[in-house]
Novice: 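The structure under discussion is supplied below as structure tokens; questions concerning it will follow.
Keep in mind that the numbers below use all heavy atoms, side chains included, and drop hydrogens, waters and symmetry copies. The shown structure was predicted, so the numbers you read here are calculated from the model rather than taken from an experiment. In the text below, chain A, chain B and the rest are named by the order of the sequence lines, each starting its count at 1.
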There are 2 protein chains.
Amino acid sequence: MRKSPNLHDVAREAGVSAMTVSRFLNGSAPVGSYARQQITRAIENLKYRPNQIAKSLQTRKTGNIAVLLGNISSPMSALTIKGIENVSFGNRYNLLIGNTEFSEEKERRYLDILMQKQIDGMILAPSSKDREPLQEIIDRGIPLLFLDRHVPGVQADYVGFDFENDSYNVTEHLIDRGCRTISVICRRADLINDSPQVKGFHRALERASIPWDRQRILYCHPSTEDAYRCMGEIMESGTRPDAVYIASNTLASGVLRYCKDKNILIPEDCMLACFDSLGEFDDLIRPNLTCNEVPAFDLGVYVAELLMRRIHDGYERPDGPQRITLPGKLLIRESTGDAGGPRTGSETGARRQTVRVSGEAVTG
Amino acid sequence: MRKSPNLHDVAREAGVSAMTVSRFLNGSAPVGSYARQQITRAIENLKYRPNQIAKSLQTRKTGNIAVLLGNISSPMSALTIKGIENVSFGNRYNLLIGNTEFSEEKERRYLDILMQKQIDGMILAPSSKDREPLQEIIDRGIPLLFLDRHVPGVQADYVGFDFENDSYNVTEHLIDRGCRTISVICRRADLINDSPQVKGFHRALERASIPWDRQRILYCHPSTEDAYRCMGEIMESGTRPDAVYIASNTLASGVLRYCKDKNILIPEDCMLACFDSLGEFDDLIRPNLTCNEVPAFDLGVYVAELLMRRIHDGYERPDGPQRITLPGKLLIRESTGDAGGPRTGSETGARRQTVRVSGEAVTG
DNA sequence: CTGTTAGCGCCTTCAG
DNA sequence: CTGAAGGCGCTAACAG
């Protein structure tokens, strides 16, 4: 394993200068046909590969973009990453992926390292409210996009799900089915922003003139065990609700397990609805519950496309910072039988295509 | 947004030479306490960040490792990636992730790009049998590890699940439950290697002196729809089997959907078993089927640790190329009721800790 | 403990 | 169409 060949080696082998080889490789200027042949041959002979590092040092572009999420293995995140990868690869960018584990410290360390690695852009689901490192990214002219969450006071685009409206729709569905006393289980304190799910929930109640009771909102640690506990609290104390709305899908398995253990029939004893889809086996899970399907892959595609545009436009943002939300799709399933039920429930799919944009219009 | 400061700017501001600053930053040589103070101050003043690209050009180390998988959003892959990230971050490496979509062409392009980007190591689940680009990686001294699949003839370590033994265990379980006629649905032609699942299946049948019939093995495209079709073929033609073994978990939802549509009772009409776990909601899916849980996160941890060792040892491989498989855990669940069943089935968890290694022993 | 010199491999600029 | 000079930001190797 000896030193790999460089531009000069190729140039010597081809009997031309290094610059001619460079121009040939990048197509940055015309090259004579004889030289072209010699160079092609030399490259093959030496198995030459351009060194992207050296090129980056010169051009200040690495062709890498960073993606920093709280939990890269959640089904939602995994799909979003796939969407981002898809668009990035098509635009000749590679992905540097980091899992912050929702830790401010780990996020900070990642931001630090990535700044040194000279990324061309960054997609971040922030776990910290700290503006300073983000401002530094922006000041260095690196396009920064928030995904799913944002940091108040930082002038960057945001792309996320339409939590509030989706939550409104789920709640409205429960109300339409006759529920009047609805409990909510949601994640303990949304990491950064106020819980828009709870807002949507309230809005739906208000619209139906149903008084709401703070006691009916339970905050829960993001674990199966704590969701199990919360569901117990709901069902064992005070008046039982008509319905329980699980505002964070990571909590669903704990709730379902409780119902299974306690022989609570869904939807006879209590209706159940879930903010996000439970995945591929969705309608095979018993009890079979109504949920909102969130466009995770599309979110990745959208955010990556916006990032590509920002990188391309030299960060001038002719259209100003944007706040974009993608609406989900309500999947209504209320069959209770074990087999023979409808394969998919009715869907309010029409809104699927809508993209909600606040601020200026989306260009392109 | 003007040019960011470099080592010389810091050196000038601190009144020392660039080398002193460099030595201070890397701790590569002692630096006087006065100089130290001046440098610290200068760095703060200028908001200096070392440029990793320039450093990489010099040191020929980027601190990046590549991970190339067929489908990065599958639950298994997502967990494996998380495991890899965990170990890498601890060792100060970043992850460049690529989704090959099982396409030879896309894989080839990724390999090409990544070679130019000068990665320090690579974890690959190959989709192509082409040895040449892989040999080039090895020849350039970049540690290469196969994950889940391998390319025959390429001298690189391999880490994967214990498909054959796990499959043996699942089949043995069905036999123990009295099944004698078992059909198998598996992915159409394993991408690269012979299907070890089918081998394990055969071995279990042979051990129980059950004759086996090629007709009972159905190859299926990796889609819900085709799995549905396959299950139909099995149930509607010839003698119905006692059991169906789904050797690729991506096919499970199609099979389950078929049973649901046709009112086939599991396990009364036909037993069902699955090669891999169905995820978090595993035991909430109806019908509730026995499956093998594969240690996806651990696989990531293991492969990353091995890679770290290879990088560290300068690719001398004192212990020779290895072939390591991590065994899964059989989750037996045969309750049929909708609620009140046992929360988890019995598990043959003892083997969980075992790591099967062929070739030399694992060091460290 | 500190500074100088000479590249790492490529591309920008300018001169043919 | 082609080449030579210089530098991107950093560090190895050698002097002090």
Novice: Check this for me, if you would: do Glu136(A) and Arg140(A) make a salt bridge, where the nitrogen-to-carboxylate-oxygen distance has to be below 4.0 angstrom?
Specialist: yes
Novice: Which of residues 41-55 of chain A sit near DNA chain D, with a heavy atom under 4.0 Å from it?
Specialist: none
Novice: If you measure only the distance, is there a donor-acceptor pair under 3.5 Å linking the side chains of Glu13(B) and Asn45(B)?
Specialist: yes
Novice: Any Lys/Arg nitrogen of Glu44(A) or Arg41(A) sitting under 4.0 Å from an Asp/Glu carboxylate oxygen of the other?
Specialist: no
Novice: Under 4.0 Å between any heavy atoms, over every strand shown, what does Leu7(A) touch: base, sugar-phosphate, or nothing? Just pick one.
Specialist: sugar-phosphate
Novice: Do the side chains of Arg310(B) and Asp157(B) get close enough for a salt bridge, i.e. N-O under 4.0 angstrom?
Specialist: yes
Novice: Do any N or O atoms of the protein come closer than 3.5 Å to N or O atoms of nucleotides 14-16 of chain D, and which pairs are they?
Specialist:
none

Novice: Distance check needed: dG7(C) C1' versus Arg60(B) CZ, whole Å only.
Specialist: 11 Å
Novice: Determine the contact category for Ala35(A): base if any of its heavy atoms lies under 4.0 Å from a base atom, sugar-phosphate if only primed atoms, P, OP1 or OP2 are that close, otherwise nothing.
Specialist: sugar-phosphate
Novice: Is it the case that Lys117(B) and Asn64(B) place a side-chain donor and acceptor less than 3.5 Å from each other?
Specialist: no
Novice: Write down the distance between CG (Leu57(A)) and P (dC10(D)), rounded to a whole number of angstrom.
Specialist: 9 Å
Novice: Provide a list of protein-nucleic acid N or O atom pairs under 3.5 angstrom, restricted to nucleotides 5-7 of chain D.
Specialist:
unit_1, atom_1, unit_2, atom_2, d
dG7(D), N2, Gln58(A), NE2, 2.5

Novice: Is a salt bridge present between Arg12(A) and Asp9(A), judged by a nitrogen-to-oxygen distance below 4.0 Å?
Specialist: yes
Novice: Tell me: NE2 of His8(B) to P of dA6(C), nearest whole Å?
Specialist: 14 Å
Novice: Before accepting this row, confirm whether a basic side-chain N of the pair Glu85(A)/Lys106(B) lies closer than 4.0 Å to the acidic partner's carboxylate O.
Specialist: yes
Novice: Within the 4.5 Å heavy-atom criterion, are Arg131(A) and Val151(A) side-chain neighbours or not?
Specialist: yes
Novice: Could you check whether Asn71(B) and Ser73(B), counting side-chain N and O atoms only, form a donor-acceptor pair closer than 3.5 Å?
Specialist: yes
Novice: Evaluate the ring planes of Tyr158(B) and His150(B), with Trp represented by its six-membered ring, and classify them as parallel (under 30°), tilted (30 to 60°) or perpendicular (over 60°).
Specialist: perpendicular
Novice: Write down the distance between OH (Tyr34(A)) and C1' (dT2(D)), rounded to a whole number of angstrom.
Specialist: 15 Å
Novice: Rounded to the nearest angstrom, tell me the gap between atom CD in Gln116(A) and atom C1' in dC10(D).
Specialist: 13 Å
Novice: Minimum heavy-atom separation for Ala296(B) to Thr80(B), with atom names?
Specialist: O-OG1, 3.1 Å
Novice: I want to check one thing: is the phosphate of dT11(D), taken as OP1 and OP2, less than 4.0 Å away from some side-chain N or O of Asn26(B)?
Specialist: yes
Novice: Roughly how many Å is it from CG in Asn6(B) to C1' in dT11(D), rounded to a whole number?
Specialist: 13 Å
Novice: Output yes when at least one side-chain N/O atom of Ser22(A) is less than 4.0 Å from OP1 or OP2 of dC11(C), else no.
Specialist: yes
Novice: Rounding to a whole Å, what distance do you find between Lys61(B):NZ and dC8(C):P?
Specialist: 17 Å
Novice: If you pin Leu25(A) and Gly32(B) to their nearest nucleotides in DNA chain C, which one's is more 5'?
Specialist: Gly32(B)
Novice: What's the closest nucleotide to the side chain of Thr20(B) if the choices are dA12(D), dG3(D), dG3(C)?
Specialist: dG3(C)
Novice: Where is the tightest heavy-atom contact between Ala11(B) and Val21(B), given as atom of each residue plus distance?
Specialist: CA-CG2, 3.8 Å
